[in-house]
Structures are given as C-alpha cells and as structure tokens.
Amino acid sequence: MLRTSSAFRGISNRSVRIAQFVRNASTKEHDVVVIGGGPGGYVAAIKAAQLGLDTACIEKRGKLGGTCLNVGCIPSKALLNNTHLYHQIKHDSAHRGIEISGDVTVDVAKLQAAKDKAVDGLTSGIEMLFKKNKVTYYKGEGSFIDEHNLKVKALEGEDFEVKAKDIIIATGSEVTPFPGIEIDEERIVSSTGALSLKEVPKRLAIIGGGIIGLEMASVYARLGSEVTIIEFQKAIGASMDGEVAKNIQKILGKQGLKFKLGTKVTKGVREGDVVKIGVEDVKSGKTEDLEADVLLVAIGRRPHTDGLNFEAVGLEKDNKGRLVIDSEYRTNKQNIRVIGDVTFGAMLAHKAEEEGIAAAEYIKKGHGHVNYGNIPSVMYTHPEVAWVGANEEELKAAGIKYKVGKFPFIANSRAKTNLDTDGFVKFLADAETQRVLGVHIIGANAGEMIAEGGLALEYGASTEDIARTCHAHPTLSEAFKEAALGTFDKTINF
C-alpha cells in the first residue's frame, strides 16, 4: 500500500487551505445581489441600496436598462414620436396654415441615430444612478452555484464569484419564436430587428395585432410602407376593452393599416429579398398567399431563464416557463426572489419597477405593496390608447353590475383647437356606489391622462369625486371629468 509522508500531507493540506483562502478572498460579498439590470432589476437594486443594504447588480448586456431601454419601450417611442412629427409636417400642416416649401423626406440613418442617442443617454444615466446610490455594477452573466453563491461570466477579464444573503432574479423576457419561421433580423425580423431596419420596406407584413405589432405598424405606415397585420384572434389589442379595440382599429385603418383578423399563418419563408407568407382563415379554412419585403414576427414574449442554472438550486417553473413565487416574490428558496417578466403577470416595465421596490422592501422591512388591479397599459400609436382597471368583458364575466360614462374628444375644446379629435374617454363604475372600476381612453396624450384613472382606482374614488374636481380649461383632461360625470348624471358639453 502506497503511503504519503506526513511532510507531504502537511504541504498538501496547506495548499488546499491557501487555495480556499484565495477563492474566498476573490468572492465578492453583498447583502443583496440582483441578476438583471432592466427596469425591474435596476430599480430593485437602487431601492435596496437606499434602504441601507450593500447591493450589487449583474447585467450581461453590458448596458443597463434591459429590453425596455435598449430594444423595446424607449427606442420604439423615439421612432413613434419622430415619425409622427414627419407625418404631421408632410400631411397635416397645410390645413393648419403652415406652408412647407420643398419636399419633406426622411433620412433613415439619422432617424436611427436619433433613436440610438436617446437610448445611450438613458442607459448611461442608470450607471450614474448606480454610482449615486452606491450600487455595485458587475458586467457579466450571472448563474447559480448554490442558494447564496453566483458565478459571474465577465464580459471583460476573468470570471468571478459573488455571494449574497438575498438574491433577486430580474432577467426579463425574450421574443417568442414562431414555429417554423426562422428570424434572420434582415427580412424576417423580431421587434428588435424592426427597430433597426436600414431602409423603409415597401411592403411590411406583421404577425400579431398586439401592442408591439400595432406600434411598429404605425411607424412604418407613416414612412410609406404598405402594412398588413395578420392576427389569429378576431380582434386586435390583446387585453383592450372590446369597444376600444374596434374603435382604434377603425382609426388605424383610416391611416392605411390593413387587417387580416381571424387568420393564422401557415408559413413564412424568405426567398431572396422577398418573404413568402401563407395564411388561412380560421373559420372558413380558406388559404391565401402573401408577399412582403419584411415580415415582423410579433406574437409576444416569453420568460428568459437561459444561463441562470436555476435548476442547481431547485427553483420551480410553471407550464409557461415562469419562475414560481409566493406573495412576497419568494421562490421555494426563501432568500431568492423573482420579479418582472420572468414571473407571473403582465410583461410591462412599470409593473416590474413596482415589484422591484416591493421586493427590496420585503427584504429590509418584511412588507411591500403592488396593486395588480391597478397596472396601466398604453399603446403609443396616434391616437394613443390607454387603460387601467377592468374592461367591460371582465365585468360581465364576473357578474358585476356597472354603468358606463363616455365623452368624445370631438366635443372637447382643446382637442378641437388642436385639430386632434379622434377618440373618447370611457369610465366603468359600480352601478350602486359609483366607485371607479376601469378607465379606457383613445386620444392624444391618453398615456399621460390615464394616471388620473390609476390614482382614482388606488384611492377607491367614485366618479362623482372626479366629476366634482375642478379640471383646468381648456385641457384634454376635461374630457376625463365629463366622462366621469356621464356615469351618474348628464354630461355638460355633449
């Protein structure tokens, strides 16, 4: 039998101890580590730091802000705003008394540069907020070693480990692929590719009539594309109130968008610079072949968990690929919490932000708050569409008796003065108490106005409370007051 000398064993043991010491010395320790620097993640990190916790955030993109700031909310709004200005100058100025001499054109490269400048400014701004609040920022991909230890695959330099008492997962979502259709981000694109097209396609087909699809449809229709939206459901707008969805479809139709509703896509294949698309009517089974220069696949998003190695600590997923949590955002491992798109609920940046603050408060204080019945949604077409609370279909399904109050912007003095009168404000109120149950708006600046509806819901206001609150004249918000009045009395100006 081979025996090692006691001297050798001593050297060996010392080597192990030294190696362990080096490993421990190189492991960075914090109270809280957030995986993901999107809206939910960076807000959670800042809030945790403000609460006095030693906090770090790991982000693999190399830029903070997640999908929202980099390839989602912010760049899309830059394109929506600037193409709306272009459309107004080109088509809406003459009858306002503004004469434009010469042709009005779009420089796509400069349009994209303006978008990129907005994105860069905001992402670098978050880094400044991290420094201000003393949040440690690690650029790399975080994955679980065990319940308290993470490996960080650094974007630059050597990999390292991070240890934390509490961990918050905020890794967001990714584009849902369409079975059988290969995205090349050139002719067949996801929302990411649609934000960075180098030229305006003559024909743009979009699979999906949700918010992403409709916003991108608006951008390129304004720039001159022939846009066709293919939607499996019989209505656009996903969770919109039914009446609102029908009305905004009519308005967008007048802007040149074409809709194929109740239609499924059977194929999407690139052949050179053309995309061949096969569709089928869901009800009749009638088939049709379409062609487009660009096909946008916009059928939604799914939780992003690749690379987390969450299986190593036994975290649970549901049948939609979302990490399972309790009411305090804890997984089955009490020190690991999950927020944002990677768990239940609407995939909205502001929802993730609210959860980020609540999760940090639960860690520090043991209590937090998010009202899931009061999460607003906005579609940034023109006119905008915004809603908060319940819609009519939901109230009918729940057997709740309600009253409707509506006021059209065509009867609003500011909207008429602005020559921008499409849409209306719609209130849903409890039939007996007048308590606000839902607010739905189609109109200019609807996304700003919906905040008043959210405040009313949060405080349990009645429509009479709103109707008796003085609103400045002339403002679009007067339509909000009048719609509230219409649920229990008669409107004044319509």
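Basis for what follows: all heavy atoms, side chains included, without hydrogens, waters or symmetry-related copies.
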Close side-chain approach of [X] and [Y], heavy atoms under 4.5 Å:
X: E361; Y: H367; value: no
X: I207; Y: L295; value: yes
X: T381; Y: Q255; value: no
X: E354; Y: N371; value: no
X: K317; Y: F310; value: yes
X: T123; Y: I74; value: no
X: D166; Y: D31; value: no
X: K481; Y: T469; value: no

Nearest 0.5 angstrom please: [X] [atom1] to [Y] [atom2], how far?
X: K403; Y: T463; atom1: NZ; atom2: OG1; value: 8.5 Å
X: I492; Y: E482; atom1: CD1; atom2: CD; value: 6.0 Å
X: I442; Y: E384; atom1: CD1; atom2: CD; value: 12.0 Å
X: I336; Y: I325; atom1: CD1; atom2: CD1; value: 13.0 Å
X: K401; Y: T433; atom1: NZ; atom2: OG1; value: 13.0 Å
X: E226; Y: L204; atom1: CD; atom2: CG; value: 10.5 Å

Item to check | Verdict with supporting geometry, V244 and W387, side-chain contact (heavy atoms from CB on, under 4.5 Å) | outcome: CA-CA 10 Å; V244 170; W387 64 98; 5.8 Å; no
Checklist entry - Going through the distances and angles, do F480 and F407 end up as a ring-ring contact (aromatic ring centres under 6.0 Å, His included)? => result CA-CA 8 Å; F480 195 89; F407 191 85; over 10 Å; no
Checklist entry - Hey, mind stepping through R61 and V71 against side-chain contact (heavy atoms from CB on, under 4.5 Å) and telling me if it holds? => result CA-CA 11 Å; R61 193 186 298 268; V71 290; 4.2 Å; yes
Of all heavy-atom pairs between [X] and [Y], which one has the smallest distance, and what is that distance?
X: T263; Y: V282; value: N-CG2, 3.8 Å
X: G142; Y: I35; value: O-CG2, 4.3 Å
X: H473; Y: S413; value: CE1-OG, 3.2 Å
X: S462; Y: V436; value: C-CG2, 4.0 Å
X: V370; Y: A358; value: CG2-CB, 3.9 Å
X: C57; Y: G36; value: SG-O, 3.5 Å

Next on the checklist: With side chain to side chain donor-acceptor pair (under 3.5 Å) as the criterion, how do Q88 and S93 come out once you've worked through the C-alpha distance, each side chain's angles and the decisive distance to 0.1 Å?
Outcome noted: CA-CA 6 Å; Q88 277 195 308; S93 57; over 6 Å; no
Look only at the side chain of [X] and the backbone of [Y], and say whether a donor-acceptor pair between them is shorter than 3.5 Å.
X: T343; Y: G340; result: no
X: H91; Y: Y86; result: no
X: E394; Y: N391; result: yes
X: T171; Y: H304; result: yes
X: E185; Y: G193; result: yes
X: Q233; Y: L261; result: no
X: N412; Y: T421; result: no
X: R337; Y: E328; result: yes
X: N133; Y: V135; result: no
X: N82; Y: A78; result: yes

Checklist entry - Does anything in residues 227-242 pair up under salt bridge (charged side-chain N to carboxylate O under 4.0 Å, His left out), and if so which pairs, sequence neighbours excluded? => result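 Every salt bridge (charged side-chain N to carboxylate O under 4.0 Å, His left out) pair that includes a residue of residues 227-242, provided the two are not neighbours, is D241-K426.
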Item to check | Evaluation steps, side-chain contact (heavy atoms from CB on, under 4.5 Å), between V200 and V106 | outcome: CA-CA 10 Å; V200 178; V106 167; 5.8 Å; no
Test item: side-chain donor near acceptor, [X] and [Y], under 3.5 Å:
X: E355; Y: Y372; value: yes
X: K115; Y: Q112; value: yes
X: E392; Y: Y402; value: yes
X: R301; Y: T67; value: yes

Using a cut-off of 6.0 Å, state whether more than 12 heavy atoms not belonging to [X] lie near its atom [atom1].
X: R414; atom1: CZ; answer: no
X: I410; atom1: CD1; answer: no
X: E393; atom1: CD; answer: yes
X: F232; atom1: CZ; answer: no
X: R435; atom1: CZ; answer: no

Item to check | Residues K351 and D341 bridged, charged N to O under 4.0 Å | outcome: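 D341 and K351: not salt-bridged.
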Item to check | Derivation of the side-chain contact (heavy atoms from CB on, under 4.5 Å) call for V439 and M449 | outcome: CA-CA 10 Å; V439 183; M449 200 182 304; over 6 Å; no
Item to check | Within the 6.0 Å centroid threshold, strictly below: F494 and F424 | outcome: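 They do not qualify: ring centres at least 6.0 Å apart.
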Item to check | Residue of the set L315, V324, D326 for which side chain to side chain contact (heavy atoms under 4.5 Å, CB included) holds with T331 | outcome: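 Testing T331 for a side chain to side chain contact (heavy atoms under 4.5 Å, CB included) against L315, V324, D326 leaves exactly one candidate, L315.
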List the atom pairs, donor and acceptor, that lie under 3.5 Å between side-chain atoms in residues 208-220 and the rest of the protein, sequence neighbours left out.
unit_1, atom_1, unit_2, atom_2, d
E215, OE1, K77, NZ, 3.0
E215, OE2, Y380, N, 2.8
S218, OG, L214, O, 3.2
Y220, OH, A194, O, 2.5

